[in-house]
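To start, the structure itself, in structure tokens.
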2 protein chains.
Amino acid sequence: MPKIGMEPIRRASLIKATIAEIGNVGSLEVTVSRIAKRAGMSSALAHHYFGSKEAMFMAAMRHVLTVYGAEVRGALAAADGPEARVRAVIRASFSTSNFRREVISAWLNFYVLAQTRDEARRLLAVYQRRLVSNLTHGLRPLIGARAAQVACSIAVMIDGAYLHAALSETPNATRAVGRVEDYLTLALNAG
Amino acid sequence: MPKIGMEPIRRASLIKATIAEIGNVGSLEVTVSRIAKRAGMSSALAHHYFGSKEAMFMAAMRHVLTVYGAEVRGALAAADGPEARVRAVIRASFSTSNFRREVISAWLNFYVLAQTRDEARRLLAVYQRRLVSNLTHGLRPLIGARAAQVACSIAVMIDGAYLHAALSETPNATRAVGRVEDYLTLALNAG
DNA sequence: GATCGTTTATTGACTAGTCAATCAACAAAA
DNA sequence: TTTTGTTGATTGACTAGTCAATAAACGATC
């Protein structure tokens, strides 16, 4: 019983199912059939809307980045003053939504994909530049010219702490945030 | 014409070929046939010596970690004094051998594997503990009780910087080392 | 030092299963 | 009737792992 206007609904379902399935299996070795089944349709329909398995991955990752970006913007809007803005960006990177198993899985596999697929690499670069830019703007009023340098270091530390936390036996976002904020404090007091 | 004593030679060839093939494809979606072909034997022989594809991956990763461990030990032996030892550990983590494409690929896929395979997770934990331990021992005489904390932060920063460098358009080990060493300097001067 | 059973090395062929992508065909809306 | 939604069936290619069979080296025994 075909209904009209299904495209956006189907696409959203498929993206959600793709992320869930990647989280379940832990890798990109998921089948289009399983994704489609989870989304309540045939695999042929998944191909109809996305064209290929890889396109589904990319759309899924773009969705993860969109959600993350919205969280960052929300946290920035609620922050009062430059230092609070920097801390908001850091904390948003370790939000509970970023620590769901399937999102962790998506990130790790995204790194793998970024080695060989230019589209993934570009997307990753965009995310990193935005992160550094957000941090730099917050840091500039606090430490002036050192802002760019420190922002890069914080970005590196966020990714490292995320990786460590994600792969530790007991993932602990709070500890990870603490580690990055300790560095921030150190950098701010070293004027 | 079978010759005796082939087992260690075959195993070494297969490990080398596995790493090379992973580096080529960029993921674990490599076939046993291709690995075996690259190593100059039939796929049946690869199964004979390793039993499964996953066992080949694990052996390959263990080899990467062994080489890395040897580099660290070498750098530590040549280092003079605590601070030099800390810097030696940092620099060894960004050695040229760790920046070969296939080794980067092995690391990224190892992270992915560590999500779901206990053996991979355990191996990763061993590597991380050793890294932190090495750093802590070097830091203790310099900053006493803060050593453990700072060692963890450096370890996190090493992984983050490695990730960034590995996935940037122009991988640059020197810049990555510099970033971690900057943090070290900051931490040492913040007594 | 010839004989023979055992171990090790090695492969081609095969099993049994997987999967991405395609396509013809059908159903409802416009 | 053209567009949009939808699927079952199929294709064509690929894969991990098994197995029987072969052949060289080893070692013990006579």
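Chain letters run A, B, ... following the sequence lines, proteins first and then strands; every chain starts at 1. Remember, it's a predicted structure, so these values are computed and weren't measured experimentally. Side chains are part of it too, since the values below use all heavy atoms of this structure and drop only hydrogens, waters and symmetry mates.
Judged purely by distance below 3.5 Å, without hydrogens or angles, the side chains of B:Y68 and B:S93 pair a donor atom with an acceptor atom.
Between the CG atom of A:L45 and the P atom of C:dA25 there is a distance of 19 Å, given to the nearest Å. In this structure, CZ of A:F57 is placed 11 Å from C1' of C:dA20, rounded to the nearest angstrom. If you measure from atom CE of B:M41 to atom C1' of D:dA23, you get 18 Å, rounded to the nearest angstrom. Taking atom CD on B:E29 and atom C1' on C:dT18, their separation rounds to 13 Å, with Å as the unit. Between the C1' atom of C:dA20 and the CG atom of A:L28 lies a distance of 15 Å, rounded to the nearest Å. Rounding to whole angstrom units, CE of residue B:M6 and P of D:dA23 are separated by 18 Å. The nearest whole Å value for the distance from the NZ atom in B:K53 to the P atom in C:dT18 is 15 Å. Rounded to whole Å, the distance from CZ on B:R11 to P on C:dA9 is 11 Å.
Across all strands shown, B:F50 has no heavy atoms under 4.0 Å from either base or sugar-phosphate atoms.
For A:E181 and A:R87, the salt-bridge test passes: some basic side-chain N is under 4.0 Å from an acidic carboxylate O. For B:R100 and B:E102, the salt-bridge test passes: some basic side-chain N is under 4.0 Å from an acidic carboxylate O. Contact check on B:E21 versus B:K16 returns no salt bridge, with no Lys/Arg side-chain nitrogen under 4.0 Å from an Asp/Glu carboxylate oxygen.
In this structure, B:Y162 has its ring center under 6.0 Å from that of B:F99. Aromatic rings from A:Y183 and B:Y183 are positioned such that their centres are separated by under 6.0 Å.
Distances shorter than 4.0 Å separate some side-chain N or O of B:Y49 from OP1 or OP2 on C:dA9. Between C:dT8 and B:R10, no contact under 4.0 Å exists linking OP1 or OP2 to a side-chain N or O.
Of all nucleotides listed (C:dA9, D:dT6, D:dG17), D:dT6 comes nearest to the side chain of A:H48. Considering only the side chain of B:H47, D:dT18 comes nearest among D:dT18, C:dT10, D:dT7.
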Seminar exercise, completed: The contact string for nucleotides 9-14 of chain D, one letter per nucleotide 5' to 3', using protein heavy atoms under 4.0 Å with B, S and - for base, sugar-phosphate only and none, comes out as ------
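Nearest heavy atoms, A:D159 versus A:Q128: OD2-NE2, 3.8 Å.
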